[in-house]
Amino acid sequence: MLIKRKQPSLLGIDISSAAVKLLELSRQGDRYRVESYAVEPLPPDAVVDKTIADVDLIGKSIKAVIKKSGTRLRQAAVAVSGSAVITKVITMTASLSEQELEEQIQLEADQYIPYSLDEVSLDFEVLGPNDKNPEMNDVLLAASRRENVDNRVAALELAGLKVAVVDVEAYALENAFQLIHKQLTQETGKNGAIAIADVGATTTTFNVFHDGRIIYTREQGFGGRQLTEEIQRRYGLSYEEAGLAKKQGGLPDSYVSEVLEPFKMAMVQQIGRSLQFFLSSSAHRNIDLLVLAGGCASIGSIDQLVNQKLGITALVANPFVQMSLAGRVNAQELRNDAPAMMIACGLALRSFD
């Protein structure tokens with residue numbers, strides 16, 4: 001994690017290229033409960049290539065999502081995209097205290113980071129003893145250009161929130177994955193490599209998990225915005241109208257066969273391509289299970305199409321299956337948005353670290 005302090009309950013705030021997503025969780029025993037959640041769409045140019053282009057606009061959207069959700073929490077966890085973060089595992093003497101370790105890392109970090117150290121936010125986590133030499137610890141170093149972190153912190157502060165944790169999206173996803181892993185293996189009886197294809201507005205991220213950890217990641221420029229733009233072009237709608245029509249319906253009968261089905265086929269092809277890249281570059285011969293996440297996973301029967309075309313068991317992600325809901329949470333809306341809430345969920349779970 002790039003910033004971490006001891007904190008009370010945290011809001012998970014996921015800023016993607018299409019929306020700001022907010023989630024608040026509580027826990028009793030080992031049961032989680034959704035206390036509040038909301039999603040606020042963003043205009044197409046607010047976040048470009050995972051970088052915040054307009055801090056004020058994002059700040060206003062976060063303010064709107066807080067109001068919509070009804071939450072009273074004011075501390076938050078937010079994430080930067082994996083492609084904006086450099087991670088490296090280094091070895092350090094196990095006998096160093098945390099302060100000595102921090103000083104040593106500051107001294108040596110410029111060997112591992114290709115930017116000037118005053119341009120980056122830097123953090124580390126001790127992973128445990130090194131396999132080859134138990135007197136040394138493996139330490140995970142994570143660094144991101146300071147502007148990536150600062151812009152997110154500034155946007156949250158504009159909305160009246162205090163940032164307690166800045167995480168990395170891949171680690172937040174890993175956190176949420178722990179929540180659904182047991183449920184997935186019980187449902188399928190399979191416990192090998194599991195892939196998550198997260199198809200968002202502009203990017204498809206394909207992650208493969210083994211033993212609960214990400215062992216492979218690939219990003220492609222493909223997402224739901226292509227469907228929105230095609231609706232916009234074909235039916236003469238504004239970007240906002242096209243986005244609403246995509247979610248709520250009301251398009252001509254020809255929409256399904258002429259626009260939606262070709263997009264679904266293109267999505268399956270993109271996932272198939274990522275799958276082939278993984279299998280050809282790894283020792284794994286197959287994937288046991290494919291989980292569909294991101295906004296595009298809510299498209300009706302997309303899991304069946306993946307199953308049919310790629311011959312692989314596919315399920316739509318829902319991190320909330322085992323959770324109870326507070327009275328103000330709309331169960332139907334949450335179910336629709338669930339596949340896109342994985343990163344927000346992983347961030348909200350930081351409350352319980």
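Heads up: numbering here begins at 1 and tracks the sequence.
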Indicate yes or no: does [X] engage [Y] in a salt bridge with an N to O separation below 4.0 Å.
X: D337; Y: K247; result: yes
X: R152; Y: E157; result: no
X: R234; Y: E258; result: yes

Check whether any side-chain N or O of [X] sits under 3.5 Å from a backbone N or O of [Y] as a donor-acceptor pair, and report yes or no.
X: T204; Y: F222; result: yes
X: K88; Y: A143; result: no
X: R350; Y: L11; result: no
X: N318; Y: F320; result: yes
X: Q270; Y: M267; result: no
X: S97; Y: E100; result: yes
X: S121; Y: V149; result: no
X: K264; Y: G300; result: yes
X: S351; Y: A348; result: yes
X: Q226; Y: G223; result: yes

Just so I know, are the side chains of [X] and [Y] near enough to count as touching, which here means a heavy-atom distance under 4.5 Å?
X: L315; Y: L292; result: no
X: I302; Y: V268; result: yes
X: E174; Y: F209; result: yes
X: L347; Y: L23; result: no
X: Q75; Y: L161; result: no
X: M136; Y: M92; result: no
X: I312; Y: V306; result: yes
X: V39; Y: V65; result: no

Aromatic ring proximity F177/Y171, centre distance under 6.0 Å = no
Kindly indicate, with the supporting measurements, whether the criterion side chain to side chain contact (heavy atoms under 4.5 Å, CB included) is fulfilled by H210 and H284.
-> CA-CA 10 Å; H210 193 257; H284 289 268; 3.5 Å; yes
Spacing of [atom1] belonging to [X] relative to [atom2] belonging to [Y], to within rounding of 0.5 Å:
X: L310; Y: I271; atom1: CG; atom2: CD1; result: 7.0 Å
X: K246; Y: S298; atom1: NZ; atom2: OG; result: 10.0 Å
X: D138; Y: E125; atom1: CG; atom2: CD; result: 12.0 Å
X: E230; Y: L260; atom1: CD; atom2: CG; result: 11.5 Å
X: Y216; Y: S281; atom1: OH; atom2: OG; result: 4.5 Å
X: N130; Y: N137; atom1: CG; atom2: CG; result: 8.5 Å

Between [X] and [Y], what is the shortest heavy-atom contact and its length?
X: A340; Y: G295; result: CB-N, 3.8 Å
X: L10; Y: A77; result: CD1-CB, 4.1 Å
X: A293; Y: A317; result: CB-CB, 4.1 Å
X: S144; Y: V80; result: OG-CG2, 4.3 Å
X: G200; Y: C296; result: O-SG, 3.9 Å
X: A172; Y: I343; result: CB-O, 3.9 Å

Where do L156 and I62 land on the side chain to side chain contact (heavy atoms under 4.5 Å, CB included) test, with the steps shown first?
-> CA-CA 7 Å; L156 268 73; I62 296 169; 3.5 Å; yes
Do the side chains of [X] and [Y] join up, straight or via other hydrophobic residues, at under 4.5 Å, putting them in one cluster?
X: I214; Y: L290; answer: no
X: L158; Y: V166; answer: yes
X: Y239; Y: Y235; answer: no
X: V163; Y: V55; answer: yes
X: V48; Y: I52; answer: no

For E35 and R33, run side chain to side chain contact (heavy atoms under 4.5 Å, CB included): C-alpha distance rounded to whole Å, both residues' side-chain angles, the deciding distance at 0.1 Å, then the answer.
-> CA-CA 6 Å; E35 294 294 342; R33 175 170 128 128; 2.8 Å; yes
Any side-chain donor-acceptor pair under 3.5 Å between [X] and [Y]?
X: E24; Y: S36; answer: yes
X: E135; Y: T93; answer: no
X: S17; Y: T202; answer: yes
X: T205; Y: D198; answer: no
X: E219; Y: T203; answer: no
X: N330; Y: Y37; answer: no

Can you establish whether the number of heavy atoms outside [X] located under 6.0 Å from its atom [atom1] is more than 12?
X: K309; atom1: NZ; result: no
X: Q111; atom1: CD; result: yes
X: R72; atom1: CZ; result: no

Stepwise side-chain hydrogen bond (donor to acceptor under 3.5 Å, both in side chains) check, N207 with T217 = CA-CA 5 Å; N207 290 295; T217 297; 2.7 Å; yes
Row check, F206 ring normal vs R218 NZ/CZ: under 6.0 Å, within 45° = no
Any chance you could lay out the salt bridge (Lys or Arg N to Asp or Glu O under 4.0 Å) test for E333 and R335, step after step, and finish with the verdict?
-> CA-CA 5 Å; E333 281 182 11; R335 197 175 305 117; over 6 Å; no
Criterion side chain to side chain contact (heavy atoms under 4.5 Å, CB included) on V78 and I15, from CA distance to verdict | CA-CA 8 Å; V78 69; I15 302 166; 4.1 Å; yes
